[in-house]
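Per chain, numbering begins at 1; letters A, B, ... match sequence-line order.
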4 protein chains.
Amino acid sequence: MTNEQSFIYNEDMRKIDENKKDAITQAVFQLTQEVGLVGLSIAKVAKLAAVSPATIYIYYKDKADMLSQILIQVKDTFDDGMEETILSVSEPLEQVKKFLNHVIRQSMKYPQLAYFMHATMESPNEIAPEGIAYSQKRTEPIIELYNRLIASGKVKNISPDLMIGWTAVPIADQLQLHFRNGTLPNEAEIQQMIELSIDAIKK
Amino acid sequence: MTNEQSFIYNEDMRKIDENKKDAITQAVFQLTQEVGLVGLSIAKVAKLAAVSPATIYIYYKDKADMLSQILIQVKDTFDDGMEETILSVSEPLEQVKKFLNHVIRQSMKYPQLAYFMHATMESPNEIAPEGIAYSQKRTEPIIELYNRLIASGKVKNISPDLMIGWTAVPIADQLQLHFRNGTLPNEAEIQQMIELSIDAIKK
Amino acid sequence: MTNEQSFIYNEDMRKIDENKKDAITQAVFQLTQEVGLVGLSIAKVAKLAAVSPATIYIYYKDKADMLSQILIQVKDTFDDGMEETILSVSEPLEQVKKFLNHVIRQSMKYPQLAYFMHATMESPNEIAPEGIAYSQKRTEPIIELYNRLIASGKVKNISPDLMIGWTAVPIADQLQLHFRNGTLPNEAEIQQMIELSIDAIKK
Amino acid sequence: MTNEQSFIYNEDMRKIDENKKDAITQAVFQLTQEVGLVGLSIAKVAKLAAVSPATIYIYYKDKADMLSQILIQVKDTFDDGMEETILSVSEPLEQVKKFLNHVIRQSMKYPQLAYFMHATMESPNEIAPEGIAYSQKRTEPIIELYNRLIASGKVKNISPDLMIGWTAVPIADQLQLHFRNGTLPNEAEIQQMIELSIDAIKK
DNA sequence: CATGAATGAGGTTTCATTCAT
DNA sequence: GATGAATGAAACCTCATTCAT
């Protein structure tokens, strides 16, 4: 995906098919939000995207494949620019802060995508294995980052899982709350969230 | 529910109807775990509970009501003894630790119930409003507890939501991870989780 | 099946469900004849039997199971009384004649069943394995009968497959022709068919 | 079709369209064998022939027309050289033997075509009327041949239908059996089949 | 209280076919 | 001539729910 905005804005589409595919993707985001991955059906997606259910099967093998491919797109969009952001500093602790900042900024920029990601993590059975695998592969560098942080001795000597559990997880959760309420965290709150996370893991 | 064990053990049931109702509840727990709240259907519940689909409608108005009532039962079971535990100490910070401990102990004792609660929070649309409301009402004392903690000046001056977000939320999330892996946290890990939570919110 | 007439006549049905099941079976026969096993669909069967498509799934697991169970019923009906007829004589050659006679009589009595059996043999993929297996098991005694005939030395020393191929197969085929034309073979023609078969295999 | 080998070998095709048409024809044969005429769909044919579904509609009006035209081609290929073979002898009985021999040889040479013909005869509803009519017209000379045989007095005085039923029909059936098992009849067996047929109809 | 039977509505997916390019 | 994209219709099947017994 060269332009991650394509999820959000439909203006200036060149190819007809991309237009339809985007409409489908948009519909999936909206429906995931409205009725959850549980209630999302191909029929509803098609109706909302103003295409025939059969059309969806041109682009995707089946429902699980559709969600999988969209998840992969979402992951790419979400992680876009993350590596550069993280590598803009050298200290592992600063890098983790940059990572958390990236998560917050992207979640605020693309709340629907963040919600979709969250939903897929709760219902992995609905997603084709490729999407799950891709998602996990994307997480590996983050785990390594946390491992470097642990190795630096600046934080508690606990598993990366626990680290993530008290940093990225509550941040994502908090942003979900905002999303559901239709609000956005202000700068002070953003700094608070990062501070809470860092304080949790610091020695 | 006077006896929370009734979820777990089917032996020594006195009333026939309670027997069937319990079988249904058990089936809901098992299916939520196996196929998620998504894939759970009345037909599957009925088959697993060895009752007719029609029987379920004797006890519950419809599917959403069934899940709602079960959620209420679960909440009761889960919170059983919580108040006494919390009030066994007087310092708000100690009370919060007691609360977190209670969450951990109950999640380990009733992993299926914890999983069910988690699932319902992800798919509130599936649950009748009564269950959601009851669930929220149950949370109010906890919010008050956190408010008392904030007032004590021993912790950061942040919203209860953020407090819960870096204490109870990651703990519940971590226990879900264990549940999915079929493991249980050891004592050291339990203490780590509480420490992480407290360190996050402490001044 | 205690009364093979139940396929044909709907009168005097006692249990409601058997009534519906019979209507479904009848519809399958009629549709197999009209549009072939190819064109037979659950929706068409349901409409013709005046039941909901969902009702069919109460009686049968799926389409293949439906055809399989009906095939088994048909085989039973068709073979009803065959053993006694065959064993009413002792000479293998006479027994084969009795067998061929039975085939002719039953095909004339239950032309729809004969047609259905024929159709299933052409499209075994449509039938659940149980039906196919049952069908094959039913053929075994016939093969043994032909083996006894071969052992008797009264006929050519060829494989049972070839024997059947020039006796039962053309007879069944010829009766299919009659069925399609809405005619029935007269006594002379019946004797001719048996004579042709016997002459083919005799030394 | 001037060259019946074109079904089998794709090399040395001159016109592009004929190449594609042949690919389609080949795909139809293969799919008829693999999934039956029942399961054969335009989409599957297109994919296997590596053409667009729309391309098929350039050559054929619709699915029934496609099968009809292919059936006509097949009939032509199958009957190729038959007349000469039959007329190479003058006795009606010898001519019938030649005919049966021709059926056997062609079925062994083009088993896929024989299978396709067999399949179409079982599901005439799938074929456009032209193909069915052509197929019947092709049979007329054979019926006349049998009529001449009957007139010769060398065989039983029975209808041509019965004659064919105990000669060509079981032979075709037997060869289908071989085809399904992936075997071929040896010379002895071929002679046996012809002998069985002749013995059946001889006085 | 309990149920087996029944169903309309809707689910996913494939079909034969068309059309703009 | 050739196609990729598109679709209405129809395929199979499951759903939550009701009702006579």
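- With D/L67 as the fixed residue, the side-chain contact (heavy atoms from CB on, under 4.5 Å) test singles out one of D/I72, D/I127, D/T120, D/T32: D/I127.
- Of the two residues contacting DNA chain E, namely A/K44 and D/I42, the nearest-nucleotide position lying further toward the 5' end is that of A/K44.
- Place D/I58 and C/L40 on DNA chain F by their nearest nucleotides, and D/I58 ends up nearer the 5' end.
- Side chains of A/K44 and A/L40 form no contact here, defined as non-hydrogen atoms less than 4.5 Å apart.
- Picking from E/dT12, F/dA16, E/dG4 the nucleotide with the shortest atom distance to the side chain of A/K63 gives E/dT12.
- Put simply, D/S41 has a side-chain N or O that comes within less than 4.0 Å of OP1 or OP2 on E/dC15.
- B/K61 has its NZ atom 14 Å from the C1' atom of F/dT18, to the nearest Å.
- With the 3.5 Å cutoff on both pairing distances, Watson-Crick and G-U pairs in DNA chain E assemble into runs of at least 3 at E:2-21 with F:2-21.
- Rounding to whole angstrom units, NZ of residue C/K47 and P of E/dG8 are separated by 12 Å.
- As rounded to whole Å, 14 Å separates atom P of E/dG11 from atom CD of A/E126.
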Would you sort out whether D/K63 and D/E126 count as a side-chain contact (heavy atoms from CB on, under 4.5 Å), showing the intermediate values?
CA-CA 8 Å; D/K63 192 187 173 187; D/E126 303 282 300; 3.8 Å; yes
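- Between B/A54 and A/T55, it is A/T55 whose nearest contact on DNA chain F lies nearer the 5' terminus.
- Counting to the nearest Å, the C1' atom of E/dA16 and the CG atom of D/D65 are 14 Å from each other.
- Using modelled atom types and a 3.5 Å distance limit, the side chains of C/D65 and C/Y59 yield no donor-acceptor pair.
- Counting any heavy atom pair closer than 4.0 Å across all strands shown, D/I56 reaches no nucleic acid atom.
- Inspection of the D/Q73 and D/Q69 side chains reveals no N or O donor paired with an N or O acceptor under 3.5 Å.
- Looking at which nucleotide of DNA chain E each of B/V51 and A/P53 is closest to, the 5′-most match is held by B/V51.
- Side-chain atoms of C/Q33 and C/Q112 form a donor-acceptor pair, as typed in the model, at a separation below 3.5 Å.
- Atom CG in C/N19 sits about 14 Å away from atom C1' in E/dA6, given to the nearest Å.
- Between the P atom of E/dG11 and the CG atom of A/L31 lies a distance of 11 Å, rounded to the nearest Å.
- Counting to the nearest Å, the P atom of E/dT14 and the CG atom of A/D62 are 8 Å from each other.
- Within the structure, a side-chain polar atom (N or O) of C/Y59 is placed less than 4.0 Å from OP1 or OP2 of E/dA6.
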Determine, stepwise, if the pair C/L71 / C/Y134 fulfils side-chain contact (heavy atoms from CB on, under 4.5 Å).
CA-CA 9 Å; C/L71 175 57; C/Y134 189 84; over 6 Å; no
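- The phosphate of E/dT3 (OP1 or OP2) has no side-chain N or O of B/Y57 nearer than 4.0 angstrom.
- Residue C/K20 places none of its side-chain N or O atoms closer than 4.0 Å to OP1 or OP2 of E/dA5.
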